[in-house]
Amino acid sequence: LRAVADSQVNSVDFSPDGRRIVVGLHDHSVRVWMVSAGRQELCLQGHTLWVTSVCFSPDGLRVLSGSADKTVKMWNLTQQAAEHTMS
């Protein structure tokens, strides 16, 4: 997870199956990592300020992220895109 060191880590959560982690960063991104491989799987961008909180959905198919830009985004990990933005 060394590549995360370029930005402040604000929030981390394990997927329900323990295979992935999601990280909310000060660089406005949400990143998903494969734990066993130690590599980044996805970089989700769309927030305009730093990400303050992240969590996986119970089924592990989506991630919620909250940001200092006063929005919450629901990310579909299969589509690699935000499904909903709430403000």
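Keep in mind that this is a model prediction, so the values were computed, not measured.
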field: For Asp27, salt bridge (charged side-chain N to carboxylate O under 4.0 Å, His left out) partners two or more places apart
entry: Arg31

task: Find out if a path of hydrophobic residues (ILVMFWY) with successive side-chain heavy-atom gaps under 4.5 Å connects Leu61 to Phe56.
output: no

query: Between atom CG of Leu44 and atom CG of Leu77, what is the distance when rounded to the nearest 0.5 Å?
result: 6.5 Å

field: Any Glu83 side-chain heavy atom under 4.5 Å of Asn76 side chain
entry: yes

- prompt: What's the shortest heavy-atom distance between Thr52 and Ser11, and which atoms?
  reply: O-CB, 3.6 Å

- request: Check step by step if side chain to side chain donor-acceptor pair (under 3.5 Å) holds for Thr85 and Lys73.
  value: CA-CA 5 Å; Thr85 300; Lys73 292 186 179 287; 2.9 Å; yes

- request: Write down the atom of Gly38, the atom of Trp33, and the distance for their closest heavy-atom approach.
  value: O-CZ3, 3.7 Å

Arg19 side, atom CZ; Glu41 side, atom CD - distance, nearest 0.5 Å: 11.5 Å

- request: Could you walk me through whether Val35 and Ile21 pass side chain to side chain contact (heavy atoms under 4.5 Å, CB included), step by step?
  value: CA-CA 7 Å; Val35 174; Ile21 61 169; 3.8 Å; yes

Expected output: side-chain Asp69 to main-chain His47 donor-acceptor under 3.5 Å: no

- request: Might you point out which heavy atoms bring Trp75 and Ala82 nearest each other, and give the distance in Å?
  value: CE3-N, 3.4 Å

message: Parallel, tilted or perpendicular, judged at 30° and 60°: which one describes the rings of Trp50 and His26?
response: parallel

Flag, side chain of Arg20 to backbone of Asp13, donor-acceptor distance under 3.5 Å: no

- prompt: Are Val54 and Val23 close enough that some pair of their side-chain heavy atoms sits under 4.5 Å apart?
  reply: no

message: If hydrophobic clusters are built by linking Ile, Leu, Val, Met, Phe, Trp and Tyr wherever their side-chain heavy atoms come under 4.5 Å apart, do Val63 and Met74 end up in the same one?
response: no

- prompt: Going through the checks in order, is the side chain to side chain donor-acceptor pair (under 3.5 Å) test met by His28 and Ser67?
  reply: CA-CA 8 Å; His28 314 176; Ser67 171; over 6 Å; no

query: Applying the 4.5 Å side-chain criterion to the ILVMFWY set and letting contacts propagate, would Phe14 and Leu25 be lumped into a single cluster?
result: yes

- request: Could you pull out the closest heavy-atom pair between Pro16 and Ser57, with the gap in Å?
  value: CG-O, 3.4 Å

message: Could you measure the distance from the OG atom of Ser29 to the CG atom of Leu42? Nearest 0.5 Å is fine.
response: 11.5 Å

